[in-house]
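One structure below.
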Amino acid sequence: MERKLIAPTILVLVVALFTACAPQAAPRPNAIVYGTTFQPNTLNPITAPDIVSRSAIEMIFSGLVSANEKSELRPALAESWESSSDGKQWTFKLRHGVKWHDGQDFTADDVKFTYDTVIDPKSKPTVAKADYAGLQKVEVVDPFTVRFYLSQPNAAFLSLLVLGIAPKHLLQSQDLATTPFNRQPVGTGPFMFDSWVQGESLTLKRNPDYFGEKPKVDMIVWKIVPDSNVLALQAGNGEVDVAPVFNPKDAAALQSSGKLALHETLEGNTQISLQLKNPLFQDVRVRHALAYAIDTRSLIDNIMAGAAVPATSDLLPTSWAYNPDVPTYGYDPAKARVLLADAGWKPGTDGILTKDGKRFSISLMTDAGHKVREQVILAVRQYWAEIGIEVKAATQERNSFIFDKVLKGDFDAVLLQSSVQIDPDLSRRFHTNSIRNGQNFLNYSNPRLDALLDQALATSDQQTRKQAYSEAQRILAEDLPQISLFYPKTQYAFNAQIQGIKPSPTNLFWNAELWEWK
Amino acid sequence: MSRQIASRAAQAALLLILVSLATFSLVRLAPGDPGVFLYGTSASAEDITLFRARWGLDAPIHIQYLRWVTNAAGGDMGRSYQDGRPVLAVVAERIPASLLLAGTALLFATALGVGLGIFAAGHRFSGWDRAITLLATLCYSAPAFWLGIALILVFSVRLGWLPSGGIRTLVGTSDAGDLLRHLALPAAVLALRDVGRFARITRSSMLEVLAQDYLRTAAAKGLRSRTIALRHTFPNALLPVITLLGMSIPGLLSGAVIIETVFGWPGMGRLAIESAIQRNYPVIMGEVLIVATLALIGSLLADIAYAVADPRLARSERE
């Protein structure tokens with residue numbers, strides 16, 4: 001009896017399953033789904049130093065100023081500003097009538113609260129405090145005027161004020177590390193927080209009261225797709241509307257269907273940093289030889305499938321301070337050998353260069369898992385082997401690579417991608433003062449460069465700054481503490497029906513309120 | 001029996017302390033730093049120092065462990081470095097997804113695997129038997145990431161029947177049917193691996209029992225072969241299958257790292273990977289401890305099921 005029931009029950013279940021599974025036709029919601037392999041850590045602008053969190057945060061929060069795709073600064077919560085003649089005081093007039101997403105009024109108190117928290121050594125963790133080290137205090141002049149006091153003039157200061165302003169009424173006397181605000185942010189930006197399911201998605205909805213141009217789509221959804229191969233399939237399939245293209249070789253295939261458009265922007269300089277404490281690299285002729293030995297054009301064509309531009313410095317060609325006329329080192333292995341011979345390096349019995357009984361043997365490392373960089377170090381090992389240098393190429397898991405090797409300066413040569421900053425100031429990478437607390441892990445020190453960088457920060461005149469940075473880029477290209485290879489193109493595949501997209505090198509979403517479906 | 005369980009519980013507590021000590025040491029011996037995950041190459045020494053101070057990482061390592069044990073004993077497993085939420089909340093959020101995926105897969109794998117195993121044993125050395133053996137071996141040895149991408153290519157890209165990842169439709173309607181469609185591919189990949197294991201184990205265990213004298217008697221009595229297989233052989237061949245099931249229980253929660261990554265399934269396996277990359281020490285500790293506890297409960301349940309399935313075991317313990 002019971003047994004007779006089994007077959008019909010299974011049948012009913014299977015039928016029910018498939019009926020339930022039939023996809024229902026529904027009108028397309030006015031939403032854009034962004035597929036990404038990364039997810040934010042926190043949505044609190046005060047505590048998020050990383051670029052992934054910040055690109056989500058910049059849709060929810062507004063700063064005093066904002067940057068466009070050319071890294072030009074524009075008014076945001078601040079309507080106008082002026083600096084004192086000595087460059088140490090900056091006064092900002094704030095926009096009236098701006099509301100937080102919870103309906104409260106935005107005022108100068110929120111601005112003071114945000115920056116007081118960042119510079120307070122007791123509040124931790126926060127965005128990089130070193131960036132704001134010159135900020136002494138913030139004063140509320142009236143509810144819509146706020147004044148910043150700096151210890152010394154700093155031309156790059158304005159670019160730091162893209163930092164999202166956080167609401168004092170929700171965050172005061174909260175523990176920054178554990179406040180629920182980190183996951184339920186309230187800002188003044190074009191999009192409001194809706195939901196965040198860890199490992200799955202982040203959903204933002206339109207802020208109808210945004211002070212700028214009102215957003216055109218109702219929702220922007222980040223869909224977390226951890227596997228980049230699957231992400232490419234989903235972009236091709238229409239399961240996501242926007243996605244970064246990780247493998248340059250996928251780009252052509254994605255574009256061929258006609259349903260997708262590609263938008264691209266340049267990424268930071270992919271370069272080989274040399275450890276100048278190492279006696280091997282102290283002779284500039286050796287550094288030049290290393291550069292002449294590398295065929296950058298071939299790296300771009302073969303590894304990047306053409307999706308990169310030869311690099312000359314850490315500044316992008318789109319920056320107003322970029323200097324295109326600096327010494328470059330085209331592929332010339334013969335010249336490299338001559339330079340090395342001049343520097344006293346002679347081939348030994350095993351073909352490896354030697355000098356005073358010491359073999360020219362170095363390690364070249366990069367972070368594991370980044371396919372392009374892994375291929376580049378193997379190619380460079382080959383190029384350098386051809387001029388008689390023994391290279392041990394190795395990769396290491398990213399976190400320990402950065403912590404134990406790069407930041408501690410414990411390397412011979414490392415392949416890295418420099419981060420892109422809004423302001424062209426190069427001090428944090430190359431100034432002597434940045435050796436101890438900063439990113440000058442190369443241990444590069446050049447008093448002439450230090451003076452130029454200091455001088456460029458001390459003036460607010462853009463023309464003077466431009467000249468100083470042009471000269472700084474020339475010095476760096478001559479001294480060659482790092483060998484610049486290329487600026488990779490970040491490519492984003494977009495549903496061709498979406499318009500308004502203009503990715504910037506620092507943020508895809510800087511103008512998300514203007515994105516719309518045709 | 002109850003004394004048996006009490007002594008097992010005491011052993012389990014001791015084991016958990018050892019597991020926590022081992023995990024703590026391993027995690028901390030691994031190179032890298034949680035602050036670096038956030039700040040990247042733009043980290044300054046000051047930022048890292050402040051970050052470490054905030055989370056008590058500047059204390060001597062044994063003090064940190066003692067602090068952790070004291071708090072954990074009081075039910076406080078610490079907070080995630082990522083967004084400051086309690087570890088238990090971070091882990092609990094991921095459990096349903098893993099449970100659903102692995103539970104569905106285990107259900108299918110057991111039913112299909114055991115069925116195929118019984119069938120293969122009944123038709124030993126026939127073409128069917130060989131075909132099932134071959135299939136089982138293929139399923140068990142196909143790499144999950146390859147199988148996953150292959151199924152996505154066929155069912156999502158080529159045929160367009162099923163979504164290629166995620167747990168629900170993010171924009172628009174999301175109901176039970178939507179969940180099932182998202183579940184189909186990852187559960188199938190996960191189940192196929194276990195089908196092979198269950199089929200192989202059931203088949204060999206059945207064959208062993210079938211060789212027993214009492215079954216020859218049963219056949220001589222003229223019982224139908226189906227009755228022999230299902231009523232007289234299978235219950236006696238069940239023990240290895242129960243062992244395998246017991247061993248699968250921790251897997252229900254630890255999650256399937258590779259399959260969850262390929263299919264963007266927000267489960268425990270992904271959490272494990274993410275927290276390892278972030279060096280999110282409290283989350284790693286919490287997840288390992290919770291999975292270890294469940295592994296212990298799983299093996300305890302398997303032992304109890306043994307006693308139920310094999311009355312000889314229960315009797316010998318009583319004597």
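In what follows, chains carry the letters A, B, and so on, assigned in the order in which the sequence lines appear, proteins first and then strands, with residues in each chain numbered from 1. Because only heavy atoms are used, hydrogens play no part in the values below, and waters and symmetry mates are left out as well, while side chains stay in.
- Summarising the geometry, atom CD1 belonging to B:I259 is positioned 12.5 Å from atom CG belonging to A:D227; distances are rounded to the nearest 0.5 Å.
- For a residue to count as touching a neighbouring chain, one of its non-hydrogen atoms must lie under 4.5 Å from one of that chain's; by this rule B:R270 touches chain A with the side chain only.
- A search for side-chain contact (heavy atoms from CB on, under 4.5 Å) contacts involving A:D423 returns A:A156, A:S159, A:D425, A:R465, A:Y469, not counting sequence neighbours.
- For the set A:D131, A:T42, A:V230, the entry with the most heavy-atom pairs within less than 4.5 Å of chain B is A:V230.
- Heavy atoms of A:P180 lying under 4.5 Å from chain B are absent altogether.
- When the shell of 6.0 Å around CZ of B:F108 is examined, it contains 12 or fewer heavy atoms from other residues, nucleotides or ligands.
- Of the listed residues (A:Q234, A:Q198, A:R429, A:Q396), the one with the most heavy-atom contacts under 4.5 Å to chain B is A:Q198.
- Test A:V221, A:D241, A:I32 against B:V171 for side chain to side chain contact (heavy atoms under 4.5 Å, CB included) and you get one pass: A:V221.
- Only the side chain of B:W55 comes within contact range of chain A, with at least one heavy atom under 4.5 Å from a heavy atom of that chain.
- Judged by distance alone, the side chain of A:E200 and the main-chain N or O of B:W265 form no donor-acceptor pair under 3.5 Å.
- Contact annotation: the side chain of B:S156 never approaches that of A:L233 to less than 4.5 Å [non-hydrogen atoms, C-beta and beyond].
- Residues of residues 271-283 of chain B placed with any heavy atom under 4.5 Å of a heavy atom in chain A are listed by number as B:E274, B:I277, B:Q278, B:R279.
- For a residue to count as touching a neighbouring chain, one of its non-hydrogen atoms must lie under 4.5 Å from one of that chain's; by this rule B:T169 does not touch chain A.
- Contacts between residues 80-94 of chain B and chain A, counted as heavy-atom pairs separated by less than 4.5 Å, involve B:Q82, B:D83, B:G84, B:R85, B:E93, B:R94.
- The part of A:V197 that comes within reach of chain B is its side chain, from C-beta onward, which places non-hydrogen atoms under 4.5 angstrom from that chain.
- In terms of heavy atoms, B:G165 sits closest to A:E239 at N-OE1, 4.2 Å.
- For a residue to count as touching a neighbouring chain, one of its non-hydrogen atoms must lie under 4.5 Å from one of that chain's; by this rule A:N182 touches chain B with the side chain only.
- Between A:T126 and B:R54, the closest side-chain pair of non-hydrogen atoms is not below 4.5 Å.
- No more than 12 heavy atoms of other residues, nucleotides or ligands shown are found within 6.0 angstrom of NZ on A:K122.
- Of residues 24-34 of chain B, those residues with a non-hydrogen atom less than 4.5 Å from any non-hydrogen atom of chain A are, in numerical order, B:P31, B:G32, B:D33.
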Salt bridge (Lys or Arg N to Asp or Glu O under 4.0 Å) assessment of A:D175 paired with B:R79: CA-CA 13 Å; A:D175 178 352; B:R79 281 169 181 270; over 6 Å; no
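- Proximity to chain A involves both the backbone and the side chain of B:L50, based on heavy atoms less than 4.5 angstrom apart.
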